[in-house]
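Inspection log for the structure reproduced underneath, given as structure tokens.
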Amino acid sequence: RHPLGWALAIDKWLKNKWNARHTASLRPEPARLDMWLQVVSRFFHDAPALRTALAVHAEHLDLGDRDLLARLVRRLGLRPSNAARASLAFKGYTAANLQYVACWLDGGTVSSKRDR
């Protein structure tokens with residue numbers, strides 16, 4: 001997922017009563033972006049040591065990148081007939097990212113309980 005969309009989307013999990021104490025360091029958006037970059041950098045560092053790895057932009061699958069979807073389905077060993085079902089896991093990512101970012105740019109707070 002795009003780093004800014006991800007950083008804004010996880011906000012709802014950082015302040016709930018179960019995570020508040022453990023996630024204080026991730027409350028500022030720059031800290032979340034830094035974490036995203038660290039995780040992705042670690043993945044690309046470790047990927048050559050894995051038997052198989054594939055980095056996928058969720059937004060590409062959401063927007064219907066059929067070539068990428070076909071490669072993903074092959075890599076996962078799924079039957080091609082399951083490709084459409086596999087793509088549903090990514091449905092709505094792009095629109096959600098845009099909603100989170102638009103709300104943030106407008107100075108609003110992101111809430112899963114009301115329109116952004």
Side-chain angles (χ1 to χ4, degrees):
R1 191 166 190 174
H2 188 277
L4 184 55
W6 177 83
L8 296 171
I10 69 166
D11 188 69
K12 59 188 159 231
W13 292 295
L14 298 178
K15 297 174 188 163
N16 68 41
K17 63 183 177 182
W18 300 282
N19 294 330
R21 199 175 67 213
H22 305 291
T23 59
S25 65
L26 291 174
R27 293 211 187 105
E29 285 93 0
R32 293 182 229 165
L33 292 172
D34 186 52
M35 180 186 176
W36 187 94
L37 290 170
Q38 288 178 30
V39 169
V40 170
S41 295
R42 180 62 173 252
F43 167 77
F44 283 110
H45 177 268
D46 292 349
L50 301 173
R51 184 170 42 96
T52 186
L54 181 65
V56 177
H57 288 272
E59 293 83 0
H60 287 200
L61 292 173
D62 177 30
L63 295 173
D65 187 332
R66 292 180 186 269
D67 293 336
L68 178 60
L69 180 59
R71 287 190 331 203
L72 178 62
V73 166
R74 277 195 307 275
R75 179 65 64 97
L76 294 174
L78 300 173
R79 288 177 290 176
S81 60
N82 290 333
R85 201 165 20 158
S87 70
L88 292 177
F90 303 98
K91 189 163 181 60
Y93 268 55
T94 305
N97 282 350
L98 290 173
Q99 288 174 336
Y100 280 120
V101 172
C103 180
W104 178 71
L105 288 172
D106 196 35
T109 57
V110 178
S111 172
S112 61
K113 296 182 180 175
R114 59 184 165 87
D115 289 336
R116 295 165 187 71

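Residue numbers count from 1 along this sequence.
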Which ILVMFWY residues are connected to [X], directly or by a chain of links, through side-chain heavy atoms under 4.5 Å apart?
X: Trp18; value: none
X: Leu63; value: none
X: Tyr93; value: none

side-chain hydrogen bond (donor to acceptor under 3.5 Å, both in side chains) against Asn97, all qualifying residues, sequence neighbours excluded: Arg1, Glu59
Residues that Arg75 engages under side-chain hydrogen bond (donor to acceptor under 3.5 Å, both in side chains), provided they are two or more places apart: Thr52
hydrophobic_cluster_shared for Val40 and Leu33, side chain cutoff 4.5 Å: no
Common cluster, Val39/Val56, ILVMFWY with side-chain heavy-atom separation under 4.5 Å: no
Exercise: identify the closest heavy-atom pair between Gly5 and Tyr100: O-CD1, 4.3 Å
Heavy-atom pair with the smallest gap, counting every atom of Ser25 and Pro28: O-CD, 3.7 Å
Side-chain touch Trp104/Leu4, heavy atoms, less than 4.5 angstrom: yes
Residue list, side-chain contact (heavy atoms from CB on, under 4.5 Å) with Ala53, at least two apart or on another chain: Phe43, Ala47, Leu50
side-chain contact (heavy atoms from CB on, under 4.5 Å) partners of Leu26, counting only residues at least two apart: Leu14, Arg32, Met35
Where at least one partner belongs to residues 19-30, residue pairs that pass salt bridge (Lys or Arg N to Asp or Glu O under 4.0 Å), sequence neighbours excluded: none
Salt bridge (Lys or Arg N to Asp or Glu O under 4.0 Å) pairs, two or more places apart, involving residues 90-105: none
Arg42: partners by salt bridge (Lys or Arg N to Asp or Glu O under 4.0 Å), with sequence neighbours left out: Asp46
Spacing of CG belonging to Leu68 relative to CG belonging to Leu54, to within rounding of 0.5 Å: 6.5 Å
Summary of ring pair (Phe, Tyr, Trp, His ring centres under 6.0 Å) pairs that have at least one residue in residues 44-68, sequence neighbours excluded: His57-His60
